[in-house]
Structure formats: C-alpha cells, structure tokens
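Reviewing the structure listed below.
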Amino acid sequence: MELKNVILEKDGKIAIVTINRPNALNALNSETLKELDLVVDNLEKDDEVLAVVLTGAGKAFVAGADITEMKDLNTIEGRNFGILGNKVFRKLETLEKPVIAAVNGFALGGGCEISMACDIRLASVKAKFGQPEVGLGITPGFGGTQRLARHVGMGMAKQLIYTGDIINAEEALRIGLVNKVIEPEKLLDEAKEMAKKISANAPIAVKLCKAAINKGMQCDIDTGISYEAEVFGACFATEDQKEGMTAFVEKRDKCFKNR
C-alpha cells in the first residue's frame with residue numbers, strides 16, 4: 001500500500017496513523033481522504049492490530065478540509081466531496097478496533113470532525129478545536145452538525161457552529177469534547193499507553209463494547225439493552241471469556257488469543 005499523505009506504523013498490537021501534510025497543516029484534500037480510506041480498510045483486516053492512535057505531523061492535528069481544493073467546487077462537486085469525507089469518517093467511526101485521537105494542534109473543521117469520529121480524544125494543551133465553516137460560507141460537511149451535538153449537547157454545538165468560535169483544549173475538556181488534556185511532549189506516549197492498555201484486554205469483548213455503545217447512541221434504551229444482552233451472551237462462546245474468568249479464579253495472569 002503506497003501512501004503519500006498518511007503514515008501507517010505498528011508498535012506491537014497498536015497502529016499509529018499520522019496524517020502527513022505538515023506544510024498544509026495536514027488539511028484534508030481528496031487524495032488524503034482516499035489514503036485514509038485505504039488505511040482504515042487495512043486496519044480492519046489486520047488481526048494483529050487491536051487499537052489505533054490517530055495524530056497529525058508537525059504542529060497541527062488537522063487544520064480542516066483543504067480550502068484550496070474546495071474554493072472552486074460547484075454544487076455537485078461540493079456534495080461529492082462531503083460524501084467522500086463522510087464515508088471515510090464513518091468507516092473510521094465503525095472500525096471494530098478502538099481509535100484514540102492524539103490531537104496535537106489545530107483540529108478545525110474537518111480536523112474537529114475526524115477527531116469526533118474517534119472513540120477517545122486526548123488533547124495537547126496547545127490544541128484548538130472549532131467548526132469555523134460559516135465564516136467561509138459553508139456548513140460543516142464531514143459530520144460536524146451531527147457528531148458535535150452528540151458529544152457536547154445541542155445548545156453548545158449550535159453555539160460553536162453558528163459563531164465559528166475556536167476553543168482551547170481546557171474549554172474542550174470542560175464541555176466534554178475531549179477526555180484529557182496533556183503536555184505536548186507526553187501526548188503521543190500517553191495515547192500509545194492507553195492503546196496498549198486497551199489491547200491487553202479481551203479483543204472480542206472490546207469490539208463488542210464499542211458496537212454496543214455506538215448502537216445505543218442511535219436507538220431507544222430498550223433496543224440498546226436488548227442488543228447489549230445479545231453481545232453479552234456472545235462473549236460466552238469465546239475462548240477469551242473462558243480464559244479471563246479462569247485466570248481470575250486461579251489468580252494468574254490472563255492470556256487472551258482473540259478468539
């Protein structure tokens with residue numbers, strides 16, 4: 001898999017995906033989105049990878065979608081660009097492996113949107129978040145109008161989107177947009193440590209937890225609880241459930257095998 005704008009690295013059971021257009025502050029153009037699409041497909045098929053860290057090269061996480069590419073689009077082209085971004089972000093969101101965003105700088109527009117498609121967001125103290133699209137004459141186009149309200153509530157989402165305000169990491173933490181704020185030099189290491197901690201647990205159980213949480217956010221609680229019962233029961237057909245509970249009773253270390 002030949003990549004120009006995205007770097008895929010592996011460290012044991014975790015993968016580190018770096019968006020690598022530092023001269024453009026990692027702005028998302030069509031080429032980069034298509035490369036991300038290929039990377040997510042690769043990660044889905046890779047049974048050795050159990051957790052993923054997503055970050056940006058240089059001083060930015062992702063400064064947004066590429067305005068140079070967008071500025072001359074017509075209605076149909078603009079719609080197709082939005083469809084591409086949404087397809088890739090939705091694929092990232094539904095990836096069976098947990099994804100941690102290590103937000104090291106600007107996460108604006110498409111950058112904020114891709115971070116929200118991840119399971120967990122860790123932010124550098126230097127990180128900045130926002131959906132400033134209205135100042136460019138457009139709406140958020142990669143899921144911002146949908147995911148931001150789910151993360152921070154409708155009122156705060158409308159405030160941020162209507163004003164185009166850019167907020168710092170501490171404010172993002174206060175409103176629930178990020179999980180933790182970390183010193184820049186420790187950000188990637190902490191994201192990797194969290195990914196390794198996740199990957200040490202039973203992979204099938206983690207995968208089913210993600211599926212149940214994501215499904216529950218889109219349905220009524222009775223439907224969600226019913227689905228939870230199904231995945232809970234499914235765990236008892238796995239070798240990892242037998243290993244986990246036997247190791248607990250025998251007071252020994254666990255050895256999960258992802259089956």
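- Within the 4.5 Å cutoff, side-chain heavy atoms of T32 are placed close to those of V6.
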message = Quick one, E239 with R259, criterion salt bridge (charged side-chain N to carboxylate O under 4.0 Å, His left out). Give me CA distance, side-chain angles, the key distance, then yes/no.
response = CA-CA 6 Å; E239 291 181 24; R259 58 177 185 254; 3.0 Å; yes
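- P132 and G109 get closest at one heavy-atom pair: CD-N, 3.6 Å.
- Checking side-chain atoms of Q131 against main-chain N and O of C112 turns up no donor-acceptor pair under 3.5 Å.
- Counting heavy atoms from C-beta on, the side chains of I67 and L136 come closer than 4.5 Å.
- The number of heavy-atom neighbours closer than 6.0 Å to CD of Q218, taken from other residues, nucleotides and ligands shown, is above 12.
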key: From CA spacing to verdict: side chain to side chain contact (heavy atoms under 4.5 Å, CB included), V103, V178   = CA-CA 9 Å; V103 183; V178 303; 5.8 Å; no
inquiry  = Walk me through whether I204 and Q241 qualify under side chain to side chain contact (heavy atoms under 4.5 Å, CB included).
reply    = CA-CA 9 Å; I204 296 170; Q241 174 269 326; over 6 Å; no
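- Residues F129 and S115 form a side-chain contact, since some pair of their non-hydrogen atoms from C-beta on lies under 4.5 Å apart.
- Within a 6.0 Å radius of CZ in F236, more than 12 heavy atoms belonging to other residues, nucleotides or ligands are found.
- Taking 4.5 Å as the limit, some side-chain heavy atom of P184 sits within range of a side-chain heavy atom of V125.
- The closest side-chain heavy-atom distance from I213 to D119 is not below 4.5 Å.
- For N104 (side chain) and G56 (main-chain N/O), a donor-acceptor pair under 3.5 Å exists by modelled atom type.
- Listed here is the closest heavy atom pair of A169 and A123: CB-CB, 4.2 Å.
- Looking only at distances, a side-chain donor or acceptor of N179 sits under 3.5 Å from a matching main-chain atom of R121.
- With values rounded to the nearest 0.5 angstrom, R21 atom CZ is found 7.5 Å from E31 atom CD.
- Judged purely by atom type and a 3.5 angstrom limit, D11 has no side-chain atom pairing as donor or acceptor with the backbone of I14.
- A distance of 9.5 Å separates CD1 in I221 from CD in E228, rounded to the nearest 0.5 Å.
- Between K257 and E243, the closest side-chain pair of non-hydrogen atoms is not below 4.5 Å.
- Around the NZ atom of K34, the shell of radius 6.0 Å holds no more than 12 heavy atoms that belong to other residues, nucleotides or ligands.
- Residue pairs meeting the ring pair (Phe, Tyr, Trp, His ring centres under 6.0 Å) criterion with at least one member in residues 240-259, sequence neighbours excluded, do not occur.
- No side-chain heavy atom of L28 sits under 4.5 Å from any side-chain heavy atom of V88.
- Counting only residues at least two apart or in different chains, ring pair (Phe, Tyr, Trp, His ring centres under 6.0 Å) contacts with residues 89-124 comprise F89-F142.
- Across all their heavy atoms, A57 and N20 have their closest contact at CB-OD1, 3.4 Å.
- Salt bridge D46/K97: absent, no basic N to carboxylate O contact under 4.0 Å.
- Salt bridge annotation for E93-R90: present, with a cationic side-chain nitrogen under 4.0 angstrom from a carboxylate oxygen.
- Residues A51 and A195 approach most closely at CB-O, 3.6 Å, considering heavy atoms.
- Between atom CE of residue M217 and atom CZ of residue R147 there is a gap of 11.5 Å, rounded to the nearest 0.5 Å.
- By the criterion of side-chain heavy atoms lying less than 4.5 angstrom apart, applied directly or through intervening Ile, Leu, Val, Met, Phe, Trp or Tyr residues, V99 is not grouped with I198; the two fall into different hydrophobic clusters.
- Between the side chain of T55 and the main chain of A102, a donor-acceptor pair closer than 3.5 Å is present.
- Note on residues 122-145: no pairs pass salt bridge (charged side-chain N to carboxylate O under 4.0 Å, His left out), not counting sequence neighbours.
- Nearest approach of E113 to G144, heavy atoms of both residues: OE2-N, 2.8 Å.
- Considering CD1 of I166 and CD of E171, their distance stands at 13.5 Å, rounded to 0.5 Å.
- Proximity of a side-chain donor or acceptor of D240 to a complementary backbone N or O of N258 within less than 3.5 Å is detected.
- When all heavy atoms of Q159 and T163 are compared, the closest pair comes out as O-OG1, 2.7 Å.
- Counting only distance, with no hydrogens or angles, the side chain of N29 and the backbone of D66 share no donor-acceptor pair below 3.5 Å.
- Of the inter-residue distances, the one linking C235 atom SG with K242 atom NZ reads 10.0 Å to the nearest 0.5 angstrom.
- In this structure, the side chains of L8 and V17 come closer than 4.5 Å at one or more pairs of heavy atoms.
- In this structure, the side chain of N86 engages the main chain of G141 through a donor-acceptor pair within 3.5 Å.
- V62 and I100 sit in two unconnected hydrophobic clusters of ILVMFWY residues. Membership requires side-chain heavy atoms under 4.5 Å apart, directly or through other members.
- Partner L92 forms a side-chain contact (heavy atoms from CB on, under 4.5 Å) with one of L43, L54, L36 and no other, that one being L54.
- Rounding to the nearest 0.5 Å places CG of L122 at 4.5 Å from CE of M194.
- Residues L50 and L95 are members of separate hydrophobic clusters, defined by side-chain heavy-atom contacts under 4.5 angstrom among Ile, Leu, Val, Met, Phe, Trp and Tyr.
- Hydrophobic clustering of Ile, Leu, Val, Met, Phe, Trp and Tyr side chains at less than 4.5 Å, counting indirect connections, keeps I7 apart from V53.
- The environment of CG in N74 is crowded: more than 12 heavy-atom neighbours from other residues, nucleotides or ligands sit within 6.0 Å.
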task = Start with the C-alpha distance between I114 and I19, add both sets of side-chain angles, then the distance that settles side chain to side chain contact (heavy atoms under 4.5 Å, CB included), and finish with yes or no.
result = CA-CA 11 Å; I114 196 172; I19 299 171; 4.2 Å; yes
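- The cluster map of Ile, Leu, Val, Met, Phe, Trp and Tyr, joined by side-chain heavy atoms under 4.5 Å apart, puts F81 and V134 in different clusters.
- By the 6.0 Å contact criterion, NZ on K13 is open, its count of non-hydrogen atoms from other residues, nucleotides or ligands being 12 or less.
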Check against side chain to side chain contact (heavy atoms under 4.5 Å, CB included), E44 and E96 = CA-CA 7 Å; E44 190 71 83; E96 289 188 339; 3.3 Å; yes
